[in-house]
Structure formats: structure tokens, C-alpha cells
Q: 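Below: one structure in C-alpha cells.
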Amino acid sequence: MSSFKIASLLFRTLAKPGTQPTKEQEALLANALKQQAKSHDVFRSMCSNVAQMAHRTEMNWKMNVLGYKKEKIRPLNDAKAIDAGANFLGEAFIFSVALSLLFAEQIRSRNQAQRQRNAVDDRLDDLEKGMLERREELKRMQEEHDLLRTEVDNLAEESATLSTMLMQILGKEMNRRSLERGHPPTEISQALIDKFGSGEDIELTPPKAF
């Protein structure tokens, strides 16, 4: 049970960002595995088999590749096999944990970058949508402005027409009254009509009788 506590402690230590396994941690894990090998036959057999296989592989490599003298490979005794197997398993465990942490960090960084890209894309979409709404609003205001200008121009034309008609009616009425009083007809100039149409005050004075 103590070995599992040690392995759990080592795993938590390795899980800290920026933490690298030390020689003391490797030795601690190897000792824990050795204790397990002494207590459990299955684990002892596994450590021994791993060590024997690693020993044969190393010797074959030395003889076939490095040019060592070829000889019969003698197996390790049980004590050395258990020690070597425990050390190998400890290093393999630390390597696997470090590799897992590396992959986890890569995945976390990738997911974080993806979330940031998604946030930027969403922000750009919102800005683009806002710009389209502003353009539509500006277009609508321009259309309303053009419509109001057209209405103002129409009203100005109607006002000018009404002013001309009113001045004509007023001129006819003044001529009628002038004739009734024995005065000559009053002429209303175009300048006077324009002045009346612009809203300025005008003064109509009938001509004096001779």
C-alpha cells in the first residue's frame, strides 16, 4: 500500500507545471517497486522477466552492432534481475507520466488557442453584423432625408403656386375697387409677387386720383 502512496505522490509532483523528475524521485519509485517485487510473486516475476529481456537485448546490441566478442548470454541472477527490472519499470513509469503530461499540455494549449480563435471569430462576426446594421440604418436615414427633401420641394412649389394665385386674385379685387372709385387699375409687378411668395411684408397703396 505504501508503494502506491509513493507513486501517487510522485505523479502529483510530476503533474505540477514546469516540474522535472529528479534522481531522488526516480530512486524513490524504484525502491517502491523493489518492495512490491519482494512482497508479490507476480510482480517479482514481471520485474525479472523485464530485466532479463532488457539484458538480452543490450548484449545482442553490443555483440552485433558495437563489435563486442560474441559469447553465450548468461541470465542475470534473481537479485540483479529484480533490481534492474524495478529500475527499468520506474524509469518507464516516469517517462510515461512525463510523456502523458506533455501530450496533455499540448492538447490544453491547442484547445486554449482554439477557444481564443473562436472568441476572435465571434467578435469579428459581431462587429461585421454591427457594421451591416449601421449601414442599413444610414441607408434608411438617407432615404427618409431624400423623401423629406422631396416633400419640402413639393410644398415650396405649391406655396409658390398658391402665392401667385392669391396675388392674382388680390390684384383683380384691387382693380375692381379702383375702377369703382374712379381710379386707374393697380398693376402688381412680378417682384411684388415674389416678395409675397417669400413671406415678406408688402404694402399695396392704390394710386392717387388726379
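Just so you know, these numbers use all the heavy atoms, side chains as well, and skip hydrogens, waters and symmetry mates.
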Q: Are Leu99 and Ile107 connected into the same hydrophobic cluster when the rule is that any two of I, L, V, M, F, W, Y join if their side-chain heavy atoms are below 4.5 Å apart?
A: no
Q: Taking all heavy atoms of Ala81 and all of Gln52, pick out the closest pair and write down the distance.
A: CB-NE2, 3.7 Å
Q: Find out whether Asn49 and Ser45 are in side-chain contact, i.e. whether some heavy atom of one side chain is under 4.5 Å from a heavy atom of the other.
A: yes
Q: May I ask whether Val42 and Leu89 are part of the same hydrophobic cluster, defined by side-chain heavy atoms of I, L, V, M, F, W, Y residues being less than 4.5 angstrom apart, directly or through others?
A: no
Q: Considering only heavy atoms from C-beta outward, does the side chain of Gln114 approach that of Asn118 to under 4.5 Å?
A: yes
Q: To the nearest 0.5 Å, tell me how far Thr161 OG1 sits from Met165 CE.
A: 8.0 Å
Q: For residues Lys139 and Glu143, determine if any side-chain heavy atom of one lies less than 4.5 Å from a side-chain heavy atom of the other.
A: yes
Q: Supply the atom-to-atom distance Leu127 CG to Asp122 CG, rounded to the nearest 0.5 angstrom.
A: 11.0 Å
Q: Please answer whether the main-chain N or O of Arg44 pairs with a side-chain N or O of Ser48 as donor and acceptor at a distance below 3.5 Å.
A: no
Q: Output the distance between atom NE2 (His55) and atom CZ (Arg74), rounded to the nearest 0.5 Å.
A: 8.0 Å
Q: Quick check: is Phe88 connected to Leu76 through a chain of hydrophobic side chains (ILVMFWY, heavy atoms under 4.5 Å apart)?
A: no
Q: Which value, rounded to the nearest 0.5 Å, describes the distance between Lys80 atom NZ and Asn87 atom CG?
A: 13.5 Å
Q: Of all residues at least two apart in sequence or in a different chain, which pass the side-chain contact (heavy atoms from CB on, under 4.5 Å) check with Glu58?
A: Lys62
Q: To check you understand the geometry: which heavy-atom pair defines the closest contact between Glu71 and Met63, and what is its length?
A: N-SD, 3.3 Å
Q: Using side-chain contact (heavy atoms from CB on, under 4.5 Å) as the criterion, list what pairs up with Gln112, not counting sequence neighbours.
A: Arg108, Arg115, Gln116
Q: Any chain of hydrophobic side-chain contacts (each under 4.5 Å) joining Trp61 to Met59?
A: yes
Q: The criterion is salt bridge (charged side-chain N to carboxylate O under 4.0 Å, His left out); which residues satisfy it with Glu133, sequence neighbours excluded?
A: none
Q: Which residues pass the salt bridge (charged side-chain N to carboxylate O under 4.0 Å, His left out) test with Arg134, not counting sequence neighbours?
A: none
Q: Residues two or more places apart in sequence or in another chain: which of them pass salt bridge (charged side-chain N to carboxylate O under 4.0 Å, His left out) with Glu144?
A: Arg140
Q: Examine Leu101 and Phe103 and state if one hydrophobic cluster contains both, with Ile, Leu, Val, Met, Phe, Trp and Tyr joined whenever side-chain heavy atoms are less than 4.5 Å apart.
A: no
Q: Is there a donor-acceptor pair closer than 3.5 Å between any side-chain N or O of Ser109 and the backbone N or O of Gln106?
A: no
Q: Would you please name every residue forming a side-chain contact (heavy atoms from CB on, under 4.5 Å) with Gln142, sequence neighbours left out?
A: His145, Asp146
Q: Name the one of Asp153, Leu147, Val152 that satisfies side chain to side chain contact (heavy atoms under 4.5 Å, CB included) with Arg149?
A: Asp153
